[in-house]
Amino acid sequence: MAEESNTPLEEILARQQLDLGRLKDALGLLGVSACAWCKKFHRRSDSGALFDAGELICYGCVPEWWPQRSAQLNTKDRESLEGKLVFWLRDFHHAELFKDPAKLPESSLQELHIVANCLECRGTGKLMGQERCRYCDGRGTVWVIVSRQS
Ligand SMILES: [Zn+2]
Ligand SMILES: [Zn+2]
């Protein structure tokens, strides 16, 4: 006969949950945080490792996470988070903005590829409501590319 335990399963689980929570806190003190998407831990001091989107997302997960996350946001939130993401990619991963899709590097050379609203005209393609936006050639869209390090 199986050994009978007086501890209900829920209680064991709750206890483990508590232990995990404590472990996470400890890792937080050590400057390590988990990506909300893949759950892997990364150093926060490595500022390019985790993107703070309200939840922390590691660089490797951005291409998969962003399309799904952005689809859940309303236009205003999407724009502001997208802008933040583009700046972060530029600052920490040398992302380049392209306004002409014909000029993109070969896809085998792209490590990350995101299509974003132009930050200058906010996706309208026009500056001051008149002039064609020169940052996106009036498309309202820019291509954000991180090239593979050769
Ligand atoms: Zn991740
Ligand atoms: Zn523009």
Side-chain angles (χ1 to χ4, degrees), residues 1-101 103-126 133 135-136 139-150:
M1 206 179 128
E3 202 181 313
E4 241 182 299
S5 161
N6 296 323
T7 319
L9 189 59
E10 292 82 47
E11 206 173 294
I12 297 174
L13 284 176
R15 212 179 289 161
Q16 285 182 345
Q17 206 73 65
L18 212 67
D19 284 347
L20 273 179
R22 273 200 288 264
L23 200 61
K24 256 189 163 166
D25 287 348
L27 285 166
L29 288 174
L30 292 170
V32 182
S33 292
C35 164
W37 198 254
C38 66
K39 314 292 182 205
K40 281 190 197 138
F41 286 94
H42 298 269
R43 257 178 235 283
R44 280 196 311 277
S45 58
D46 179 0
S47 27
L50 292 162
F51 174 62
D52 184 1
E55 52 188 356
L56 293 171
I57 304 295
C58 76
Y59 172 65
C61 286
V62 164
E64 201 185 307
W65 161 80
W66 176 242
Q68 298 195 35
R69 185 74 186 105
S70 62
Q72 299 165 345
L73 298 170
N74 62 39
T75 314
K76 198 169 144 270
D77 291 347
R78 197 185 87 102
E79 270 179 13
S80 77
L81 193 55
E82 186 180 73
K84 196 175 163 193
L85 177 61
V86 171
F87 280 120
W88 182 78
L89 288 170
R90 268 215 302 215
D91 285 353
F92 297 110
H93 296 281
H94 313 291
E96 291 175 274
L97 303 188
F98 292 84
K99 53 185 176 179
D100 183 353
K103 300 234 169 82
L104 297 185
E106 251 183 81
S107 52
S108 63
L109 301 175
Q110 299 174 13
E111 183 174 282
L112 182 138
H113 176 134
I114 284 175
V115 183
N117 270 344
C118 173
L119 294 169
E120 304 297 332
C121 64
R122 315 188 112 251
T124 61
K126 290 189 172 71
C133 174
Y135 299 96
C136 61
R139 285 189 182 86
T141 309
V142 291
W143 282 259
V144 183
I145 306 293
V146 177
S147 298
R148 265 179 220 295
Q149 306 296 320
S150 46

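Residues: numbered from 1 along the sequence shown. Every value quoted in this text rests on a predicted model; they were computed, and no experiment measured them. Side chains included, hydrogens not; waters and symmetry mates left out as well; all remaining heavy atoms used.
- Residues passing the ring pair (Phe, Tyr, Trp, His ring centres under 6.0 Å) test with Phe41: none are found, sequence neighbours excluded.
- The NZ atom of Lys103 sits 14.0 Å away from atom CD1 of Ile145, with the distance rounded to the nearest 0.5 Å.
- Residue-environment remark: CD (Gln72) exceeds the threshold of 12 foreign heavy atoms within 6.0 Å.
- Of the candidates Phe92, Trp88, Phe51, Trp88 is the only one forming a side chain to side chain contact (heavy atoms under 4.5 Å, CB included) with Tyr59.
- Ion pairing between a basic and an acidic side chain is recognised when a charged N comes within 4.0 Å of a carboxylate O; Asp25 and Arg22 show no such pairing.
- Residues Arg15 and Thr7 meet the side-chain proximity criterion, which asks for heavy atoms closer than 4.5 Å.
- In this structure, Trp37 CH2 and Trp65 CH2 are separated by 9.0 Å, a value rounded to the nearest 0.5 Å.
- In terms of the side-chain contact (heavy atoms from CB on, under 4.5 Å) criterion, residue partners of Glu96 (sequence neighbours excluded) are, by chain and number, Phe98, Ser147.
- Of the possible donor and acceptor atoms, one in the side chain of Arg148 sits under 3.5 Å from a partner among the backbone N and O of Ser108.
- Here the CD1-CG distance, from Ile114 to Leu85, works out to 4.5 Å after rounding to the nearest 0.5 Å.
- Note that the CG atom of Asp91 and the NE2 atom of His93 stand 10.0 Å from one another [nearest 0.5 Å].
- Proximity of a side-chain donor or acceptor of Lys84 to a complementary backbone N or O of Asp52 within less than 3.5 Å is detected.
- We find the CD-CG distance between Glu82 and Asp77 to be 12.5 Å, quoted to the nearest 0.5 Å.
- Using a 4.5 Å heavy-atom cutoff, the side chains of His42 and Leu56 are not in contact.
- Minimum interatomic distance between Val115 and Trp143 (heavy atoms only, all atoms of both residues): CG2-NE1, 3.5 Å.
- Between Ile57 and Cys35, the shortest heavy-atom distance links the atoms CA-SG, 4.0 Å.
- Side-chain contact between Val142 and Leu119 is absent, with no heavy atoms from C-beta onward closer than 4.5 Å.
- Formation of a donor-acceptor pair under 3.5 Å by the Arg139 side chain with backbone atoms of Cys118 is not found in this model.
- A salt bridge is absent between Asp46 and Arg43: the closest approach of a Lys/Arg side-chain nitrogen to an acidic carboxylate oxygen does not fall below 4.0 angstrom.
- Between atom OH of residue Tyr135 and atom NZ of residue Lys99 there is a gap of 9.0 Å, rounded to the nearest 0.5 Å.
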